[in-house]
Amino acid sequence: MIYLVGAGPGDPGLLTVRATELIARADVILYDRLAPAAALAGARPDAELVYVGKQGGGEQVPQEETRRLLLEHGRAGRTVVRLKGGDPFVFGRGGEEALACIEAGIPFEVVPGITAGLAAPAYAGIPVTHRELASGVAFVTGHEDPGKADAALDWPALAAFPGTLVFYMGVRALPRIAERLVAGGRPPDEPVAVVERGTLPGQRTLLATLSDVAERAAAEGVRAPAITLVGPVAGLREQLAWLERRPLHGRTIAVTRARPQASALAARLRELGAAVVEAPAIRTRPLASELPDLARYDLICVTSPNGAHALFELLDRAELDARALAGRSVAAIGPGTARALAEHGVRADVVPDRSVAEGLVEALAGNAVRRALVVRAREGRDVLPDALRARGAEVDVLAVYETVAEPIEEATARAAAQADYVTFTSASTVRHFLAAAVALDGPRVASIGPATSEALRAAGLEPDLEADPHTPDGLVAALVADAAGRRREPR
Ligand code: SAH
């Protein structure tokens with residue numbers, strides 16, 4: 001079966017559910033240059049991924065060769081996904097490939113995608129139709145081959161079209177497009193928007209008029225891929241540009257924390273408009289520690305979500321479950337740890353307001369503790385056990401996991417080193433990231449709190465910003481404030 005699948009304009013969030021499903025199932029994926037790289041991340045590890053776009057920015061793999069590969073894999077009975085940027089039937093040669101399937105007698109399915117001509121304007125704050133401004137929209141190729149008579153556009157008809165004109169592949173042809181439309185009767189001051197890399201990190205939009213768009217696009221170095229939109233609706237961008245106004249738009253931020261925690265921080269940063277490089281420098285590894293008899297303790301303190309999960313791994317290995325904690329008081333260091341305990345069926349009795357060891361010590365002030373067990377990382381701090389001992393309790397420490405280096409791929413390290421910001425959320429992220437990565441002289445360095453800042457200084461890096469409060473939310477707020485103070489001029 002051959003699936004002709006649209007991958008959308010670039011933002012992986014704009015892949016359809018059906019596309020995602022098929023990418024995950026495919027034996028073979030034939031993909032283009034404009035198919036979003038993130039879309040391929042969902043492919044099976046053993047799937048064959050074949051690039052059929054431009055070779056090294058030069059020659060396109062000939063359509064004949066693409067067609068041959070497509071039919072060959074299709075005939076062999078494989079599940080073939082032909083993945084194209086945007087929509088397969090909009091300037092994507094999907095129609096030709098479908099006809100080839102018919103000719104070869106191979107069944108096919110078409111999965112529409114969000115086409116760049118709609119998505120790029122939408123992300124630039126331009127509705128392609130609008131009451132009173134445009135009651136129609138035309139998709140037009142700007143890529144005319146002057147050698148081919150039959151490819152010539154009917155410029156007078158286009159100029160007379162009562163609505164918005166959306167040109168694909170038109171960057172190089174901008175001067176001709178503008179000139180012919182004016183010659184055909186469009187007003188020279190009609191708004192034109194050129195949206196470069198629409199929906200991708202680094203999207204930029206030029207708002208001009210037919211009379212100056214060619215000159216301004218050249219001056220600003222506008223390059224493909226870009227959509228050129230002609231019509232009064234382009235002017236709505238002045239009010240409706242939403243993406244470029246996000247506080248972290250245009251900033252690239254590297255996140256070094258362990259993968260499971262990184263994704264929540266990355267998602268938050270993306271919502272605020274940042275492009276995120278996920279470069280986890282650490283990961284946690286459960287320790288096969290010996291489980292003490294929990295019935296001996298009247299208080300069990302858990303100091304991180306990882307600790308909660310690792311404790312339950314130990315219990316499971318000992319063929320026990322949450323009932324082993326029955327009758328004990330359970331303290332969690334913060335809401336994240338409390339949530340992790342709840343996943344295992346345990347409701348924490350004590351959760352402090354301040355999510356640090358000192359906060360837990362305060363929150364426990366009213367509890368009479370005789371014997372306590374502190375469940376934590378091997379390299380944890382001693383604040384909590386010491387404080388409990390000082391109050392006369394007998395304290396055991398159970399190390400249930402350790403933090404180790406996560407290998408960082410070279411390309412990822414390079415991307416992080418070129419980011420606007422690199423964030424560090426613990427001393428261990430600092431140590432392991434710097435051990436693995438190339439020198440950090442470009443990005444601004446963001447630290448979650450004093451302990452992390454100290455580790456940075458010890459490595460010879462002065463943090464440019466430090467979060468307060470020392471939480472992921474505090475870090476996000478500090479990044480937003482810093483970015484606001486270093487505003488780039490919106491176009
Ligand atoms: N099938 C695709 C179009 C392929 S033609 C679709 O439906 O979107 C290639 C042209 O699409 C590019 O020259 C450019 O004009 C446009 N394009 C594709 N991705 C784009 C993007 N992210 N931003 C702006 N234009 C894009």
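Whatever order the structure lists them in is the order used to number ligands and atoms, beginning at 1.
For the pair V5 and R18, the minimum side-chain heavy-atom distance is 4.5 Å or more. Considering only heavy atoms from C-beta on, M1 stays 4.5 Å or farther from R25 through its side chain.
Judged by distance alone, the side chains of T452 and S447 never bring a donor and an acceptor atom under 3.5 Å apart.
Atom 7 (O) of ligand 1 has as its closest protein heavy atom T115 OG1, 2.6 Å. Distance from atom 21 (C) of ligand 1 to its nearest protein heavy atom, with residue and atom name: G198 N, 3.6 Å. In terms of protein heavy-atom proximity, atom 4 (C) of ligand 1 is nearest to F91 O, 3.3 Å.
If you number the atoms of ligand 1 from 1 as listed, the ones under 4.0 Å from a heavy atom of V90 come out as 1 (N), 2 (C), 3 (C), 6 (C), 7 (O). When each atom of ligand 1 is checked for a heavy atom of I227 under 4.0 Å away, the hits are 15 (O), 16 (C), 24 (C), 25 (N). Close approach to L34 involves these atoms of ligand 1, each under 4.0 Å from a residue heavy atom: 9 (C), 18 (C).
Ligand 1 has no nitrogen or oxygen under 3.5 angstrom from a nitrogen or oxygen of Y168. The shortest N or O to N or O distance between A116 and ligand 1 is under 3.5 Å. Geometrically, ligand 1 and P9 share a nitrogen or oxygen pair separated by less than 3.5 Å. Polar contact check, V195 against ligand 1: no nitrogen or oxygen pair lies under 3.5 Å apart. Ligand 1 has no N or O atom lying under 3.5 Å from any N or O atom of G170, backbone or side chain. Considering both main-chain and side-chain atoms, A226 comes within under 3.5 Å of ligand 1 through a nitrogen or oxygen pair. Considering backbone and side-chain atoms together, A120 places no N or O closer than 3.5 Å to any N or O of ligand 1.
Ligand 1 lies out of reach of T199, whose nearest heavy atom is not under 4.0 Å from it. The closest approach between any non-hydrogen atom of R197 and ligand 1 is below 4.0 Å. Proximity of G85 to ligand 1 is established by a heavy-atom distance of less than 4.0 Å.
Neither the backbone nor the side chain of A224 comes within contact range of ligand 1; no heavy atom lies under 4.0 Å.
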